[in-house]
Amino acid sequence: MESQKDFVQEQEHFKECLELIARNIAGYEREYEQRHQETQRLMKAMKTGDPELYNQAMTSASLEEHAQGQLRKNRAAKKQPYFGRIDYQEHARQKPERVYIGKNGIFRNQTDVVIADWRAPISTVYYENELGAGCYYLPDGSSVDIDLELKRTYDVQEGQLLGYYDSDVASNDQLLIQYLSQNKEAVLGDIIATIQKEQNEIIRQSPFANILVQGVAGSGKTTVAMHRISYILYNYKERFMSNEFCIIGGNDLLLNYITSGLPELDVPDIKQKRMDVMLTHLLGKEWLKKYRVIPVTEDGSVRSRMDFMLDLEIWLKRMRERFYADGPLVDKALGTIITQSSKERLFEENPDFSIARVLRTLDERVKTRIKFLCPEGEKEYFREKCRQYKDYYKSRIPKESIYELYQQFLAEYERMHPGQLNLSEHSENAVKYQYDVYDLAALLVIQYRVSRKAEDEEFGQLFIDEAQDFGITPYYALRRVLPKCYFTIMGDVSQNIDYECGMNDWAELRKWVLNGERDVFRLLSKSYRNTIEISEYAGKILEKASFGRYKIEPVIRHGLPVQEREPMSEEAMYTAAEEIIIAAKEKGYESIAVVCRDQQEADWVGKWLEGVTILPIHLTKGLEFDVVILWNPDLEAAFSHQKDAKLWYVAVTRALHELYLLHKKR
């Protein structure tokens, strides 16, 4: 009886919230229209030459933007105002509190919060706390002690409250399974309501720390990264601007997939770059239009390793030492202007200054010392000595370009490690101004050590997805050039399909890049993507792909068994694929993919199949589909070799609900 009474009260509260949202929408529509007209009027008036109207126009534009933002949030809340509720008491206040939690914060007025935003500090109680004594943390690091008395999850669909679940675990499993059983589009829309504790801890980790996340396929790495961006911008808006954020990935398809979900999370103006584009961006003017990026060349496996980068750093250190080994600067009349020890000290105390920057600093000291040594009042004599020693050290800045220095280093490296590099190929590419991503990493470090004028402060937060696809050297270069930037690195070494160059474990990255006191390593083992049947099938391949280091913990959601068809003719394969596609669409599935081993096979299959996505395995990284058809997979190789195991593990784990394997007769 009490449960029925409680549900009636919940229905009444739900209705009241919908009515408030409707009133808010009407009010913000009027306000937006008024502000928009006022802004336009002021902008036109400014063109007549009245500069005093500028501040008014900017204020009006800001109010217009605020009204537009509130209008968008209230419209988004119409179908699902909230998904959770917590009842608790703060120890300090001893006053019962009730908070409803939704995707967007909804206000009755400027101070009365009716629905808390999922990113607000109090909302972490819903995701992480168990009933009883606990606490939550504020952005400044302080904690608030509470007693949690109730945690409730609501089942809301299309503006209707269907039911609720009281649970001691965030996002009750029953509701989570219900969401995961829907098609892909539905899952993306409801993911905020089903964030799990281990995911939430990563999302709300301090933005002033670097995070490395190892997550199995389907563990929500990309989703967690997107929500972390949204969380940081919501809670640390005074410290970070959205244009300081950049998402880095291996291909444009993945980047477009990631950023397509950001508007729903209230995240504007986020940069996105492929790794090679990011490195050339940081090279700046030294990467001219005539240069171009090419795929990784034959000896990329050598240049992707830390040993290569350490040899480069030693070579650059020796070059640096030559610039302070030539003794003091002595003038016959003035005596010693710059001592050898002061010169050495300047180099040693500024290890992150480039050679060019140190030499320019030395020239500034030369001028200061001349002024000190010249007789007082002898201005003309002082000016004469300044002219005599103008750019004395600056003129010694290396004249070679970073590309010429790189070629010199490659020749030196080959002498130290004969046979590891293909020097003739590098020379040919250099003539054509062609470099791959590992060349770019080396070039960036050379520029940083030799000619960089100042620290790059354009980026405050980098988010790198599918991080295992690159060896360590690009990360090392980024860390050197962006020392004040914070990194969120998401990946799965079991999905490293570029076996020779990418990362097969995280040891070196943790040793050389993410080695600060506050840097953290997190593990996501639960797979929310696949059914148990698909997860178990993938788990067999994962054993080989990761030597058993990482295992999948599937969420309990059953589906069809994996359908592995008997070998058939190629013509029969096309017929079978068409039948599977038609049946899947009849079930309401919208995202269906045929996954091939490589681009050549995908192009061939694409000539015969229409109305479906056809991709090579390497382009499916980070993506997921309701139904996946694997085209002639080589599972014998997958269970025999780690390199092939990683490739087919990626392919198998793209499927949310149904997986089909079509084999060709030998």
Rounded to the nearest 0.5 angstrom, the CD1-NZ distance for Ile464 and Lys273 is 13.5 Å
Return yes if a side-chain donor-acceptor contact under 3.5 Å exists between His426 and Asp299, otherwise no. yes
Check the pair Gln272, Asp252 against side chain to side chain donor-acceptor pair (under 3.5 Å), reporting the backbone distance first and the verdict last. CA-CA 9 Å; Gln272 63 176 68; Asp252 292 323; 5.5 Å; no
Looking at every heavy atom in both Gly300 and Cys501, which two are closest together, and how far apart are they? C-SG, 3.6 Å
Report yes or no: does Gln447 contribute a side-chain atom to a donor-acceptor pair with the main-chain N or O of Ile402 at less than 3.5 Å? no
Distance-only side-chain donor-acceptor flag, Gln214 / Trp506, under 3.5 Å: yes
Taking atom CD of Glu380 as the centre, does the number of heavy atoms from other residues, nucleotides or ligands within less than 6.0 Å exceed 12? yes
Check step by step if side chain to side chain donor-acceptor pair (under 3.5 Å) holds for Glu201 and Gln199. CA-CA 5 Å; Glu201 289 173 348; Gln199 296 172 326; over 6 Å; no
Note, Val437 side chain near Val293 side chain (heavy atom, < 4.5 Å): no
Counting N and O atoms only, with roles assigned by atom type, does the side chain of Glu412 sit under 3.5 Å from a partner on the main chain of Trp315, one being a donor and the other an acceptor? no
Asn243 side chain reached by Lys271 side chain, heavy atoms, under 4.5 Å: yes
For Gln495, is there any backbone N or O sitting under 3.5 Å from a side-chain donor or acceptor partner on Lys621? yes
Separation between CD1 (Ile211) and CZ (Phe463), nearest 0.5 Å, reads 8.0 Å
Residues Asp465 and Lys221 bridged, charged N to O under 4.0 Å: no
Shortest non-hydrogen pair, Leu254 vs Gly622, comes out as CD1-CA, 3.9 Å
Say whether, by atom type as modelled, one donor and one acceptor occur between the side chain of His227 and the main chain of Thr223 under 3.5 angstrom. yes
Might you confirm whether atom NE2 of His66 has over 12 heavy atoms from other residues, nucleotides or ligands at distances under 6.0 Å? no
Taking the six-membered ring for Trp and the single ring otherwise, decide whether the centroids of Tyr127 and Tyr136 are under 6.0 Å apart. no
May I ask you to check whether over 12 heavy atoms, not counting those of Tyr381, lie within 6.0 Å of atom OH? yes
Is a side-chain N or O of Ser427 found less than 3.5 angstrom from the main chain of Leu423, in a donor-acceptor match? yes
Return the minimal non-hydrogen interatomic distance between Leu288 and Lys285, and the atom names on each side. CD2-O, 2.7 Å
salt_bridge(Arg274, Asp276) N-O dist < 4.0 Å: yes
Neighbour count above 12 (heavy atom, 6.0 Å) for Glu425 CD: yes
Between Phe208 and Phe240, is the gap from one ring center to the other below 6.0 Å? yes
More than 12 heavy atoms of other residues, nucleotides or ligands under 6.0 Å from CZ of Arg318: yes or no? no
Do Tyr392 and Arg396 get their side chains close enough for a donor-acceptor pair, meaning under 3.5 Å? yes
Does a side-chain heavy-atom distance below 4.5 Å link Leu255 with Val277? no
In terms of the angle between their ring planes, are Tyr403 and Trp287 parallel, tilted or perpendicular, with boundaries placed at 30° and 60°? tilted
Would you tell me whether Ser424 and Asn422 have side-chain atoms, one donor and one acceptor, within less than 3.5 Å of each other? yes
Is Arg522 salt-bridged to Glu198, cutoff N-O under 4.0 Å? no
Report yes if the side chains of Val213 and Val224 come closer than 4.5 Å at any heavy-atom pair, otherwise no. no
For a 4.5 angstrom cut-off between non-hydrogen side-chain atoms, does Lys646 reach Gln468? no
The test is side chain to side chain donor-acceptor pair (under 3.5 Å); show your working for Asp307 and His417 and say whether it passes. CA-CA 11 Å; Asp307 289 345; His417 308 283; over 6 Å; no
I need the minimum non-hydrogen distance between Pro121 and Asn235, along with the two atoms involved. CD-OD1, 3.5 Å
Should Gln340 and Glu344 be marked as a side chain to side chain donor-acceptor pair (under 3.5 Å) after you check the CA-CA gap, both sets of side-chain angles, and the distance that decides it? CA-CA 6 Å; Gln340 176 65 16; Glu344 290 179 5; 2.8 Å; yes
Hey, what's the ring geometry for Tyr435 with Tyr406, parallel, tilted or perpendicular (30° and 60° as the breaks)? tilted
Would you say OH of Tyr433 has more than 12 non-hydrogen atoms from neighbouring residues, nucleotides or ligands within 6.0 angstrom? no
Can you find a heavy atom in the side chain of Leu282 that is under 4.5 Å from one in the side chain of Leu482? yes
Residue pairs fulfilling side chain to side chain donor-acceptor pair (under 3.5 Å) with at least one residue in residues 349-365, sequence neighbours excluded: Asp352-Tyr448
Give every residue pair that meets the salt bridge (charged side-chain N to carboxylate O under 4.0 Å, His left out) criterion with at least one member in residues 486-515, sequence neighbours excluded. Glu500-Lys643
Taking the six-membered ring of Tyr291, is NZ or CZ of Lys289 closer than 6.0 Å to its centre and within 45° of its axis? no
Scanning both residues in full, the closest heavy-atom pair of Tyr438 with Asp436 reads N-OD1, 3.0 Å
Crowded around Glu238 CD? As in, over 12 foreign heavy atoms under 6.0 Å? no
In terms of side-chain heavy atoms, does Thr336 have a donor or acceptor partner in Thr339 at a distance below 3.5 Å? no
Just by distance, do the side chain of Ser143 and the backbone of Cys135 share a donor-acceptor pair under 3.5 Å? no
Which heavy atom in Arg239 sits nearest to a heavy atom in Glu244, and how many Å separate them? O-OE2, 3.9 Å
Is it the case that atom CE in Met58 sees more than 12 heavy atoms from other parts of the structure closer than 6.0 Å? yes
Could you pull out all residues at least two apart from Asp391 that satisfy side-chain hydrogen bond (donor to acceptor under 3.5 Å, both in side chains)? none
Within 45° cone and under 6.0 Å: Arg480 NZ/CZ vs Tyr476 ring: yes
N-O pairing of Glu348 and Arg345 below 4.0 Å: no
Taking C-beta and beyond as the side chain, do Cys374 and Leu334 meet within less than 4.5 Å on heavy atoms? yes
Nearest 0.5 angstrom please: Tyr236 OH to Ser206 OG, how far? 5.5 Å
Polar side-chain atom of Ser123 near backbone of Asp117 as donor-acceptor pair, under 3.5 Å: yes
Any luck finding a side-chain donor-acceptor pair between Thr473 and Arg303 under 3.5 Å? no
Donor-acceptor pair, distance only, cut-off 3.5 Å: does the side chain of Lys237 make one with the backbone of Tyr234? yes
Any donor-acceptor N/O pair, Arg479 side chain to Cys485 backbone, under 3.5 Å: yes
Donor-acceptor check, side chain of Glu404 to backbone of Ser401, threshold 3.5 angstrom: yes or no? yes
Does Val520 reach the side chain of Leu514, with side-chain heavy atoms less than 4.5 Å apart? no
